Amino acid sequence: MVALIDAVVVGAGPSGSYASYLLSKKGFSVVLLEEHEDVGKPVECTGLVSERVFRMVKSGSKVNAVSGAHIHFPNGESIHVAKSEKTVVMDRDEFDKDAAGMAVGAGVDLRVGARVTGVTATHRGARVTVREGGDLRTLDCRVVVGADGVNSVVRKELFGEVPGRVISTYQVDASYRMEDQDSVDVFLGSGFSSGFFAWATPAGHLSRIGLGVYHRNATAYFNRLISMFPGARVLGINGGGIPIRYLKRTYRDSALLVGDAAGIVKPLSGGGIYTGLVSASAAAETLEKALESDDLSARSLSRYQRAWKRRLGMELSFDYLVQRFFTMLSDRALDAIYREVSKPEVVNLINSVGDIDYPSRVVLRVLMKNPSMVFNFLRGK
Ligand SMILES: Cc1cc2nc3c(=O)[nH]c(=O)nc-3n(C[C@H](O)[C@H](O)[C@H](O)COP(=O)(O)OP(=O)(O)OC[C@H]3O[C@@H](n4cnc5c(N)ncnc54)[C@H](O)[C@@H]3O)c2cc1C
């Protein structure tokens, strides 16, 4: 008799590969299914992450590191903030390959060109239908982990819930060398986005220039953005959805969702690599106990949601509220923010407590030190 697979993980992005790696290291049999033939392609990412990410995934994909950001306001003014520790700019394709390589090295059975088309699950286990090389097969397993991104099939089939807010993005790789290779540019206001912001990230001779919008056509804003970089030649276009509100429920009988599939993404920046890895690690910890005790009921797997929420829940909930508030602000209100945050004492505070993974720390400190700011923002609305 063929032994039942312990876990089928759907999607070899960072969250899926890392969850697979951790589970395999704990001694479980893991099949990792990736619909594309080439892990890491197509790239839909700017590749800005903290060093924390590289403590989890060993990868040589760093292409640059930045310490600051120029934040541009609608009135044409900008502030520059900077931190002592660097934020890494990575080659996302290589990063995903390194993460998948770690998984394979730990014994994971990675199958590429394997597109999952259906999933069923009960408390006794899960059945995954997969199209591989023109054939439709089924895989039976004890648990399925949906790590299949923003348009997750596992979520659609088993959870019946969609992320509450999805930002559409449009990003290009441009042959343009940004003058300041040590800072990203962030553009705020109605000229560049509706409901999010625009950005440019230096990566040597290339720049990644893009923007996000909510319920609008992202390309409509792009012409103005690209005109800020005279002579920039577009080499490639990418983009995709970013789910910035996590699901109410990320577990059920014999199934979990991690990373973008669960909407576990930082709402203020749209960064989801770090949060995806944290959720993957919470998933592996929960599954270790659940598989060992042979209890994959929803009740047992609810520990997963408590585990990732302990690490990220307060941060993501707070950031989501700030994001919603921020996107309601008019250009006038954003300019009022500029007048407050451009004060040297506020810039110094941002520089000392700013953290790309935990932005609530800086938001709360700035507001606590300047309580009049909230009132001024609201007046400027
Ligand atoms: C334009 C843009 C810029 C971004 N910039 C940043 C950034 O600078 N920093 C940051 O931290 N985050 C950034 N993000 C977000 C980041 O890309 C995601 O949060 C991250 O990729 C989530 O990882 P994941 O493994 O959960 O999902 P994904 O990376 O989406 O991986 C899902 C995987 O599942 C596979 N898959 C999907 N469906 C199936 C199926 N049915 N069967 C089999 N396989 C399937 C996909 O091919 C893919 O490989 C950006 C996103 C966008 C769109």
Side-chain angles (χ1 to χ4, degrees), residues 8-20 31-50 52-53 57 66 87-93 95-97 99-100 103 110-119 128-132 139 144-157 163 166-173 184 196-199 201 203 208-213 218 236-244 246 257-280 283 356-357:
V8 168
V9 178
V10 185
S15 311
S17 290
Y18 193 55
S20 304
V31 174
L32 173 59
L33 302 171
E34 169 54 47
E35 65 177 342
H36 294 105
E37 293 291 343
D38 199 2
V39 168
K41 295 265 174 57
V43 172
E44 292 173 353
C45 188
T46 314
L48 266 180
V49 290
S50 68
R52 289 184 186 103
V53 162
V57 173
V66 294
T87 298
V88 176
V89 185
M90 59 149 92
D91 177 331
R92 176 63 199 272
D93 171 23
F95 180 81
D96 282 21
K97 287 189 168 63
L110 167 66
R111 301 187 192 169
V112 292
R115 179 179 166 69
V116 170
T117 58
V119 190
V128 178
T129 308
V130 54
R131 184 170 288 285
E132 260 181 297
L139 292 175
V144 60
V145 178
D148 46 346
V150 60
N151 299 314
S152 169
V153 167
V154 179
R155 187 184 65 227
K156 255 177 239 158
E157 297 275 301
V166 177
I167 300 296
S168 308
T169 65
Y170 186 90
Q171 181 179 261
V172 300
D173 281 342
V184 298
F196 213 58
F197 60 89
W199 62 84
T201 302
R208 295 175 192 152
I209 301 171
L211 57 90
V213 288
I237 300 172
N238 54 66
I242 306 183
I244 59 164
Y246 58 74
L257 294 175
V258 295
D260 273 22
I264 303 176
V265 174
K266 291 176 278 180
L268 282 171
S269 65
I273 298 171
Y274 170 69
T275 47
L277 296 178
V278 172
S279 71
I356 179 177
D357 294 325

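FYI, side chains are in, hydrogens and waters are out, and symmetry mates aren't considered; it's all heavy atoms of this structure. Owing to the predicted nature of the structure, the values given are computational and were not obtained by experimental measurement. One-based numbering, in listed order, for ligands and for the atoms of each.
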Just jot down the ligand 1 atoms closer than 4.0 angstrom to any heavy atom of Ala114, in number order. 42 (N), 43 (C)
Interatomic distance, CD@Gln171 vs OG1@Thr201, rounded to 0.5 Å, equals 7.0 Å
Do NZ/NE/NH1/NH2 and the carboxylate oxygens of Asp38 and Lys97 come within less than 4.0 Å? yes
Which atoms of ligand 1 are found less than 4.0 Å from any heavy atom of Val10? 42 (N), 43 (C)
Which residue and heavy atom of the protein sit nearest atom 51 (C) of ligand 1, plus the separation: Glu44 O, 3.4 Å
Does any N/O atom on Val258 come nearer than 3.5 Å to any N/O atom on ligand 1? no
Against ligand 1, does Pro14 come closer than 4.0 Å with any heavy atom? yes
Who's the nearest protein heavy-atom neighbour of atom 31 (O) of ligand 1, and how far? Gly13 CA, 3.5 Å
Within-cut-off N or O pair, Ile273 and ligand 1, under 3.5 Å: yes
Is it the side chain (CB and beyond), the backbone, both or neither of Ala147 that lies under 4.0 Å from ligand 1, heavy atoms counted? backbone
Is it the case that ligand 1 has an N or O less than 3.5 angstrom from some N or O of Gln171? no
How long is the straight-line distance from CD of Glu35 back to OG1 of Thr117, given to the nearest 0.5 Å? 11.0 Å
Side chains of Thr46 and Val184 in contact at under 4.5 Å (non-hydrogen atoms): no
Give the residue, atom name and distance (to 0.1 Å) of the protein heavy atom nearest atom 22 (C) of ligand 1. Asp260 OD1, 3.3 Å
With heavy atoms of Val153 as the reference, note each atom of ligand 1 found under 4.0 Å away. 41 (N)
Contact check, side chains of Val88 and Val53, non-hydrogen atoms, under 4.5 Å: no
Would you mind checking which non-hydrogen protein atom is closest to atom 27 (O) of ligand 1, with the distance to 0.1 Å? Gly149 CA, 3.9 Å
Among protein heavy atoms, which sits nearest to atom 1 (C) of ligand 1, and what does the distance come to when rounded to 0.1 Å? Thr169 OG1, 3.4 Å
List every atom of ligand 1 that sits less than 4.0 Å from any heavy atom of Ile242, numbering the atoms from 1 in the order shown and giving each element. 51 (C), 52 (C), 53 (C)
Measuring only between side-chain heavy atoms, which start at C-beta, is Pro14 closer than 4.5 Å to Arg92? yes
Check whether any side-chain heavy atom of Arg111 sits under 4.5 Å from a side-chain heavy atom of Val130, and report yes or no. no
Atoms of ligand 1 less than 4.0 Å from Gly259 heavy atoms? 26 (O)
Just do the side chain to side chain contact (heavy atoms under 4.5 Å, CB included) check on Asp260 and Val265 with the steps written out, would you? CA-CA 6 Å; Asp260 273 22; Val265 174; 3.1 Å; yes
Would Arg92 count as a contact of ligand 1 if the rule is a heavy atom under 4.0 Å away? yes
OG (Ser17) and CD (Glu34) are apart, to the nearest 0.5 Å, by 8.0 Å
Looking at ligand 1, does any of its N/O atoms fall within less than 3.5 Å of an N/O of Gly47? yes
Identify, for atom 41 (N) of ligand 1, the protein heavy atom at the shortest distance, and state residue, atom and that distance. Val116 O, 3.1 Å
Would a 4.5 Å heavy-atom cut-off, applied to side chains only, mark Thr169 and Trp199 as touching? yes
Starting from atom 48 (C) of ligand 1, what is the nearest protein heavy atom, named by residue and atom, and what distance separates them? Glu34 OE1, 3.5 Å
When you measure from atom 24 (P) of ligand 1 to every protein heavy atom, which one gives the shortest distance, and what is it? Ser15 OG, 3.3 Å
Find all atoms of ligand 1 within a distance of less than 4.0 Å from any non-hydrogen atom belonging to His36, and give their numbers and elements. 47 (O)
Leu33 heavy atoms within 4.0 Å reach ligand 1 at atoms 43 (C), 44 (N)
Under 4.0 Å from a heavy atom of Gly272: give me the atoms of ligand 1 that qualify, with their elements. 10 (C), 11 (O), 12 (N), 15 (C), 19 (O)
Would you mind reporting whether Val10 and Val153 have side-chain heavy atoms less than 4.5 Å apart? no
Any idea which of Thr46, Val130, Ile356 brings a heavy atom closest to atom 4 (C) of ligand 1? Thr46
Heavy-atom check, side chain of Asn238 versus side chain of Arg208, under 4.5 Å: no
For the student: nearest non-hydrogen atoms of Gly270 and Ile244, plus distance: CA-CG2, 4.5 Å
Close side-chain approach of Val116 to Glu157, heavy-atom, < 4.5 Å: no
